[in-house]
Amino acid sequence: MRQALEDLALDCRTALTAELSAGRIHGGAACILDVEAGERRNVFVGRNAPAGPAVSQDSVVRTYSMTKAMLATVALRLIDAGLLRGLDMSAAELAAGIEGVSVPEGMTLRRLLSMSSGLAGAKEHARMERVYRAAGILPFDYTDRGYGTDENDFLRRIFDCALSSEPGTQWEYGRSADVAGLLLQHHLATPLDVLFDRHLFEPLGMASSGFSLPRGVPNDSVLQPPADPPTGEPLSRLDRSGGFCSAGSGGLTSLRDYLTFLEAVFFPVEGSAFLSDAARTELLTDQISGLHDTGPDYIPGPGWGFGLSLGITPRDCGPENVRRVAWLGRAGTSFIVDLKEKLIMLFAAPSYGQTRVLQAAFADLVDTNLQQLAGTR
């Protein structure tokens, strides 16, 4: 393996070990896959919380917002299969028949998946947080309360609220992906977890992935914070069945499975039919040209655009010049896919308070080492 990747792995080990020694995480991982060379470098520290086996590729993480990238892929596969008309289907059409739900004009599946739907983020937008709380809409969490949310009641409540902005006029992080998942579930008369199983997990052999732990995957395989990150409350058991499936942040997957997913989507084997060329074009296109830096908290950051549920760079890019895609989860998971260097980098350090810090540190380590790597191709 090239020295730059060895250096990146060593730097990741140093960073994760420091977090472990400080007591901010129970365990963590950095998985680096050089697709072109067919080489892999894994860094594992600590144990699955609270006292499980050592962290490994089979450790399962709560992916939080990294679920969104899986949702976008499922939606594109549904379009490929002829089960959806396309990304520009109106949300009103998808919601048809849900009693008491009135969808704002101009909201589409594309705008839901690109976070330009007009649905607000709660913590990022103080005014809308007050509006949502008054309507009984809380951010999804992994507590029993989160799983106990009634899906159609959630849709009625959120669509009864005023929009933060007109659809298509502002990028804003929020519940757009959750709404998209529930609308797909309703429109296709198929539970969301079944859609994910049929169109993502089963085709790619992701046997340790779901909205709850699949049968046969033990509870002590989960690498997670000791409590729900935002609230400090006890986390719901992951071997539960049923309950609200959050398409925006409810996914579970092993590190091995998520790497499999990223490789299949961004570096498909020649002749693979997992995604059509048209679907991959949509996935590798900046979907929000003109909306960069709008909203109260533009999470992708300077220089980054936004595709379908993931960050994308450079801005205004398409398949011919996209360099990277990336995203992060609020409890310390993140990924970076460098399409030019053909590298996949997955990072997991479950800790809410340090999430942004660790994600930024990981991105900096990648940038520093890839500068060295670029000269060795």
Side-chain angles (χ1 to χ4, degrees), residues 1-16 28-45 55-57 59 61 63 66 68-70 72-73 204 206 253-270 272 274-275 280 283-286 300-301 303-315 317-329 332-349 358-377:
M1 181 171 286
R2 289 164 294 167
Q3 188 60 46
L5 294 190
E6 293 286 358
D7 291 345
L8 175 58
L10 178 60
D11 288 346
C12 286
R13 179 175 297 280
T14 299
L16 286 168
C31 303
I32 308 160
L33 175 61
D34 182 337
V35 176
E36 186 170 75
E39 296 180 340
R40 189 183 302 252
R41 186 76 167 91
N42 295 323
V43 174
F44 304 121
V45 302
V55 174
S56 72
Q57 285 191 91
S59 293
V61 294
T63 57
M66 283 164 54
K68 293 178 174 66
M70 295 193 286
T73 302
L204 295 184
M206 296 171 65
T253 185
S254 68
L255 299 168
R256 184 193 305 273
D257 278 4
Y258 207 86
L259 280 170
T260 295
F261 160 65
L262 293 173
E263 187 172 13
V265 170
F266 296 110
F267 300 104
V269 175
E270 187 174 352
S272 168
F274 182 69
L275 282 178
R280 293 195 78 251
L283 199 62
L284 295 177
T285 298
D286 184 355
W304 284 75
F306 199 75
L308 296 175
S309 295
L310 45 79
I312 192 165
T313 188
R315 291 182 177 183
C317 65
E320 69 287 347
N321 65 333
V322 59
R323 169 64 187 267
R324 283 186 183 174
V325 295
W327 201 232
L328 70 156
T333 53
S334 59
F335 71 83
I336 296 174
V337 177
D338 192 299
L339 294 163
K340 181 179 179 181
E341 300 297 340
K342 297 185 178 179
L343 292 172
I344 299 173
M345 293 149 286
L346 178 62
F347 192 69
L358 286 169
Q359 191 271 343
F362 176 51
D364 287 344
L365 292 178
V366 169
D367 284 336
T368 298
N369 287 282
L370 287 196
Q371 287 177 13
Q372 302 175 34
L373 179 64
T376 66
R377 285 291 189 191

I need the [X] [atom1] to [Y] [atom2] distance, nearest 0.5 Å.
{"X": "Phe266", "Y": "Leu284", "atom1": "CZ", "atom2": "CG", "answer": "6.5 Å"}
{"X": "Glu36", "Y": "Phe267", "atom1": "CD", "atom2": "CZ", "answer": "9.5 Å"}
{"X": "Phe335", "Y": "Leu346", "atom1": "CZ", "atom2": "CG", "answer": "9.0 Å"}
{"X": "Leu310", "Y": "Leu328", "atom1": "CG", "atom2": "CG", "answer": "11.5 Å"}
{"X": "Arg256", "Y": "Cys31", "atom1": "CZ", "atom2": "SG", "answer": "9.5 Å"}
{"X": "Leu16", "Y": "Phe347", "atom1": "CG", "atom2": "CZ", "answer": "4.0 Å"}

| message | Testing Leu339, Val337, Thr285 one by one against Val322 for a side chain to side chain contact (heavy atoms under 4.5 Å, CB included), which residue passes? | response | Leu339
Quick one: does any side-chain atom of [X] pair with a main-chain N or O of [Y] as donor and acceptor, under 3.5 Å?
{"X": "Asn369", "Y": "Val366", "answer": "no"}
{"X": "Thr313", "Y": "Gly303", "answer": "yes"}
{"X": "Tyr258", "Y": "Met66", "answer": "yes"}

Are side-chain heavy atoms of [X] and [Y] found at a separation under 4.5 Å?
{"X": "Thr63", "Y": "Met70", "result": "yes"}
{"X": "Leu365", "Y": "Cys12", "result": "yes"}
{"X": "Leu8", "Y": "Met345", "result": "yes"}
{"X": "Leu5", "Y": "Leu343", "result": "yes"}
{"X": "Thr253", "Y": "Phe261", "result": "no"}
{"X": "Phe362", "Y": "Ser334", "result": "yes"}

| query | Could you walk me through whether Trp304 and Asp286 pass the side-chain contact (heavy atoms from CB on, under 4.5 Å) check? | reply | CA-CA 9 Å; Trp304 284 75; Asp286 184 355; over 6 Å; no
| message | If the condition is salt bridge (Lys or Arg N to Asp or Glu O under 4.0 Å), which residues does Arg324 pass it with, not counting sequence neighbours? | response | Asp338, Asp367
| field | Set of residues satisfying salt bridge (Lys or Arg N to Asp or Glu O under 4.0 Å) with respect to Asp11, sequence neighbours excluded | value | none
Write down the atom of [X], the atom of [Y], and the distance for their closest heavy-atom approach.
{"X": "Ile312", "Y": "Gly307", "value": "CG2-N, 3.6 Å"}
{"X": "Glu39", "Y": "Leu33", "value": "O-CD1, 3.5 Å"}
{"X": "Val265", "Y": "Arg280", "value": "O-NE, 3.0 Å"}
{"X": "Phe44", "Y": "Ala29", "value": "CD2-CB, 3.6 Å"}
{"X": "Pro300", "Y": "Gly305", "value": "CB-O, 3.7 Å"}
{"X": "Ala348", "Y": "Val61", "value": "CB-CG1, 4.1 Å"}

